[in-house]
Amino acid sequence: MTDTDERTAEADGGDPQAAIDAQGERRREELDDRIFEYSAGDEQEGIPFVGAGPGNPRLLTVAGKELLEAADLVVHAGSLVNSEVLDLYCADAELVNSVGKDLEELIPLMRDAYEDGQNVVRLHSGDPAIYGAALEQMDALEHEGVPTYFVPGVTSAFAASATLRTQLTLNEVSNHVAFTRPQGKTLTEEEDHISDFVGMGDVTTCIYLGTHAVRETMDRLLEDGHDPDIPVAVVYHASWPDEDVIVGTVGTVADKVEDAGYRASALVLIGDAVTGAGYERSFLYGDWANRGSSKGTSETEAGDD
């Protein structure tokens, strides 16, 4: 921490919001030098913000596993992280559930442990870069002189597509993928673009939500005039032992989810890619891949853009 950082920290009394604002201003002025020094997966100094993956412990990355096994303190996202991950990889660590704790409690906890020489890991569900609220914690820690970095994880949309045995993008079916959430505490009605994404037609819309919001979301799509036969899949607890898959359409899936009685997290996929039907053969393994080969073009050259 520089003298300026120390004076600023003393002036704001360690207030996380002031730290976030200060880091944001610094980010506008200059890029962090570490951007050019490290790549994802590199060993780095500081507190790693690790993605625990969607649920199944085998979907944790190698980097995440190594960091958890070496950790003295793991601050984790409560029930959003499968307890099997903690049991398998955090046997020697102190475990702290972050649920119900605000930044004013979490930041000093992690800072003090790190400054005492402990290996600290902040464990988020899925991938911390998607709806993880990680950066505000990292900014507050960085402002207090504690370095941090991301360790990517597998997000539940990818686990859901694997369960469904399909791709999120399919040639001539879905050219785009949208990760989103419905209106609620986080998004206002004006910020909810689910209907826009579905209306584009060639987008696989992946909605991170609790099953309680499925009915409202589907009703709004119907009110906006969308085809009730658009395929929808609801993957409850993707990759967890109690995973369940409910397949229907915009017009039918809400009834099926309510009949199942689920109340917890699910990943909802909307679009024709859900069924994996109707796609066209890509150019990748067709004539495009062999272009020019008859004229002596090498295989490597034929694959270059």
Side-chain angles (χ1 to χ4, degrees), residues 1-53 60-78 80-81 85-86 89-90 93-99 101-155:
M1 180 182 290
T2 66
D3 292 341
T4 301
D5 291 333
E6 291 175 348
R7 288 193 296 270
T8 304
E10 290 172 358
D12 62 38
D15 174 29
Q17 185 59 57
I20 291 168
D21 293 341
Q23 289 299 113
E25 286 299 319
R26 176 176 298 175
R27 196 176 288 114
R28 289 188 185 94
E29 296 174 359
E30 60 182 353
L31 290 174
D32 192 315
D33 290 339
R34 290 170 296 181
I35 292 173
F36 308 102
E37 296 174 3
Y38 299 102
S39 298
D42 288 350
E43 292 185 9
Q44 299 185 44
E45 179 66 29
I47 296 178
F49 278 61
V50 175
L60 180 70
T61 66
V62 173
K65 174 179 178 292
E66 292 174 349
L67 288 164
L68 288 176
E69 289 177 337
D72 300 305
L73 171 65
V74 175
V75 180
H76 63 91
L80 294 177
V81 173
V85 173
L86 304 177
Y89 306 127
C90 305
E94 176 187 356
L95 301 178
V96 174
N97 187 341
S98 65
V99 175
K101 295 179 174 60
D102 56 23
L103 291 181
E104 285 76 6
E105 185 173 357
L106 287 173
I107 300 308
L109 170 70
M110 291 188 284
R111 177 202 63 204
D112 293 347
Y114 179 79
E115 291 180 347
D116 285 343
Q118 296 187 48
N119 291 324
V120 181
V121 173
R122 179 64 168 105
L123 187 63
H124 277 251
S125 60
D127 183 299
I130 300 178
Y131 301 124
L135 195 59
E136 60 195 60
Q137 301 170 64
M138 298 170 83
D139 276 351
L141 286 166
E142 292 274 349
H143 190 69
E144 301 222 9
V146 178
T148 62
Y149 61 100
F150 281 108
V151 177
V154 177
T155 188

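Only a predicted model underlies this, so the values are computations on that prediction, with no experimental measurement involved. Position 1 is the first residue of the sequence; numbering continues from there.
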Next on the checklist: The test is side chain to side chain contact (heavy atoms under 4.5 Å, CB included); show your working for Leu135 and Arg27 and say whether it passes.
Outcome noted: CA-CA 12 Å; Leu135 195 59; Arg27 196 176 288 114; 4.0 Å; yes
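Remark: Leu60 CG to Lys65 NZ distance equals 8.5 Å, nearest 0.5 Å. The CG atom of Asp112 sits 11.0 Å away from the CD1 atom of Ile107 when rounded to the nearest 0.5 Å. Interatomic distance, CE of Met138 versus CE of Met110, reported as 10.0 Å (0.5 Å rounding). Atom CG of Asn97 sits about 11.0 Å away from atom CG of Leu123, to the nearest 0.5 Å. The CZ atom of Arg111 sits 11.5 Å away from atom NE2 of His143, with the distance rounded to the nearest 0.5 Å.
Salt bridge Glu142/Arg34: present, at least one basic N to carboxylate O contact under 4.0 Å.
Between Thr61 and Gly153 the shortest heavy-atom distance is CG2-CA, 4.5 Å. Pro48 approaches Gly46 most closely through the heavy-atom pair CD-O, 3.4 Å. Taking each heavy atom of Val121 and Ala71 in turn, the nearest pair found is CG2-CB, 3.8 Å. Taking every heavy atom of both residues into account, Tyr114 and Pro147 meet most closely at OH-CG, 3.7 Å. Across every non-hydrogen atom of Gly78 and Val99, the tightest pair is CA-CG2, 3.9 Å. The shortest non-hydrogen separation linking Ala77 to Ser125 is CB-N, 4.3 Å.
Using a 4.5 Å heavy-atom cutoff, the side chains of His124 and Gln137 are in contact. Using a 4.5 Å heavy-atom threshold, the side chains of Val96 and Lys101 count as touching. The shortest distance between side-chain heavy atoms of Leu68 and Val85 falls below 4.5 Å. Taking the side chain as every heavy atom from C-beta outward, Phe49 and Leu141 approach each other to under 4.5 Å.
Between the Asp72 side chain and the Asn119 main chain, a donor and an acceptor come within less than 3.5 Å of each other.
No more than 12 heavy-atom neighbours from other residues, nucleotides or ligands sit within 6.0 angstrom of CD on Glu43.
The residue from His76, Glu105, Arg122 that alone fulfils the side chain to side chain contact (heavy atoms under 4.5 Å, CB included) condition with Ser98 is Arg122.
Remark: Asp42 engages no residue in a side chain to side chain donor-acceptor pair (under 3.5 Å) (not counting sequence neighbours).
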